[in-house]
2 protein chains.
Amino acid sequence: MPQAKFTSGPTLAKVPIFSGLTEAELTFLTERAVPRRYTAGEIVFGEGAPCSGLYVVETGHVRIFKSSANGREQVLSIDGPGSSIAELPVFDGGSYPASAAAIDDATLLFISKQDFQALCLAHPQVALKVLRVVGSRLRRLVGIIEELSFTTVRHRLASFLLRLAEKEGKRTREGVEINLPVSNQELASQIGTVRELVSRNLSRLQAEGMLKIEGRSLTIYDLKALEAELHSAE
Amino acid sequence: MPQAKFTSGPTLAKVPIFSGLTEAELTFLTERAVPRRYTAGEIVFGEGAPCSGLYVVETGHVRIFKSSANGREQVLSIDGPGSSIAELPVFDGGSYPASAAAIDDATLLFISKQDFQALCLAHPQVALKVLRVVGSRLRRLVGIIEELSFTTVRHRLASFLLRLAEKEGKRTREGVEINLPVSNQELASQIGTVRELVSRNLSRLQAEGMLKIEGRSLTIYDLKALEAELHSAE
DNA sequence: GGCTGGCGATGACTTTTGTCACACTCGTCA
DNA sequence: TGACGAGTGTGACAAAAGTCATCGCCAGCC
């Protein structure tokens, strides 16, 4: 948890929960926000640790995850610049419900519980904004539960690929090309399974002619066909 | 959605998110809260419906759940008197992320989005209280994800029984006796599986001498032994 | 070069989960 | 009384998930 003298001027203004604050309020907050730098893989906070405040991602990305006794992990959320994390445990006084780690080198701004609560009381709109972002977080969690409870690994993998294709797929002559940004291990913990099943299901999709695997780059021949997968046996 | 002329005086004061309001504020709110009565099994709102406001449970119990295309259901939460439900979609403007249905005959108070938002702006503490209850809701969801992702049906069943035993188990000469308050079907959708597996796993626990099944009443011989189950192969 | 470590693929196997079909029990109600 | 329905129990399967072990590739490094 190294500290840095570091001006973090314009950052907070871009954070959804702080939008709408006046210049003065922002600088007030900026003065109290403590920047912290993390190297790739470094733990920001561990599940169960007492919660001392919230973080805003300034640069880099953070992974929020649960880990199990036998070494598996389940990713709950991945947050990039502008996202706030751990807004919730700040209020209910409990400990962090999951762990957070930097994915790449990252800078976070730490805002103490006290400062933040004071801010919320002084500016009810902030609390409402927090409720809004928390709402979307809750939706995401419910979505994870739905997928885990109702669908197969194959299905979850297909949705993952489709989401990815939608976001950063490149159209080519053959179809849509995407780059797997993460290892199979990481992909597995994002969709709630193990390394081997990711590998196997990818191969199987290839064998079925849905896509082509070239190293870490995939070409999906037909998005519609893959999508149809999802509705076939859900 | 029948309506009832019905005085709901003291109820709101007992709802956590409204505690701390003045008498005047409470009556203000009470005047605008619309009581609605539901019969057992009746739907309060369906997943995906536009969110018009939140509900406070006055009497009875409400089940919040997701349903899948092939008829399975996953229970997210069960809320009794004093709980508020659907606080979150009120803020992010989206639709209800899951469905809600009355378990038994129930009375709910409906508070419109507008009234509630106004209240939060006027009384920042209310927003903070909401954040607190939302926090615990989020913890519960994360807990569900953890169980679904890391554990087996057997494990989840054992935890369910232990929680139940803790809450309303009666010590007898043989061990702790509990009454299954719900059908196997319902139990299954609470722990994320199907009817048959609940039945089978219960039988198996009995065969292994962990407990005795007599109709809907179970006797757990040794809580410690059952608890040990949880840590053996998680 | 050769060694090593991380990652991916894959075969063999076990366990768990889910599906389908059917029988049984126990009320309720005509 | 008997039919019906809801809920339960269970056997037989089939499919999915997970584990273990092994192999190969490639990049980094001495």
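What you see is a predicted model; the values in this text were computed from it and never measured. Atom set for the values below is all heavy atoms of this structure, side chains included, hydrogens, waters and symmetry mates excluded. The sequence lines fix the lettering, A, B, ..., with proteins before strands; numbering per chain opens at 1.
Contact annotation: side chain of A/R200 to base of C/dG11, donor-acceptor pair present below 3.5 Å. For D/dG9, the base has a donor-acceptor partner in the side chain of B/R195 [N/O atoms by modelled type, under 3.5 angstrom].
Rounded to an integer number of Å, the gap from B/Q185 CD to C/dG18 C1' is 13 Å. Rounded to an integer number of Å, the gap from CG of A/L187 to P of C/dC7 is 14 Å. Across the protein-nucleic acid pair, A/L197 atom CG and C/dG8 atom P stand 14 Å apart, rounded to whole Å. Here the P atom of nucleotide D/dG9 and the CD atom of B/E214 are 13 Å apart, to the nearest Å. The distance between atom CD of B/E196 and atom P of D/dA12, rounded to the nearest whole Å, is 16 Å. Atom NE2 in B/H155 sits about 11 Å away from atom P in C/dT17, given to the nearest Å. Computed from coordinates, the A/Q206 CD to C/dA9 P distance equals 9 Å when rounded to whole Å. Here the P atom of nucleotide D/dT19 and the CG atom of A/N70 are 7 Å apart, to the nearest Å.
Which of C/dG8, C/dG18, D/dA17 sits closest to the side chain of B/R72 comes down to C/dG18. Distances were taken from every side-chain heavy atom of B/S199 (C-beta onward) to each of D/dT10, C/dG18, D/dG18; the shortest belongs to D/dT10.
Within the structure, a side-chain polar atom (N or O) of B/S203 is placed less than 4.0 Å from OP1 or OP2 of D/dT10. For A/T152 and D/dA15, the shortest distance from a side-chain N or O to OP1 or OP2 is not below 4.0 Å.
Residue A/R156 is out of contact with every strand shown, counting any heavy-atom pair closer than 4.0 Å. Using a 4.0 Å heavy-atom distance criterion, A/S183 is classed as a sugar-phosphate-only contact.
A donor and an acceptor atom, one from each side chain of B/S84 and B/E87, are located under 3.5 Å apart. Using modelled atom types, one finds no donor on one side chain facing an acceptor on the other under 3.5 Å when comparing B/E58 with B/T107. Side-chain polar atoms of B/R200 and B/N184 form no donor-acceptor pair below 3.5 angstrom. Using a 3.5 Å distance cut-off with no hydrogens or angles, the side chains of B/R72 and B/S67 do not pair a donor with an acceptor.
Nearer the 5' end of DNA chain C, as judged by each residue's closest nucleotide, is the contact made by A/I213, out of A/S149 and A/I213.
Each of A/R139, A/R132, A/R140 was scored for a salt bridge (charged side-chain N to carboxylate O under 4.0 Å, His left out) with B/D92, with one residue passing: A/R139.
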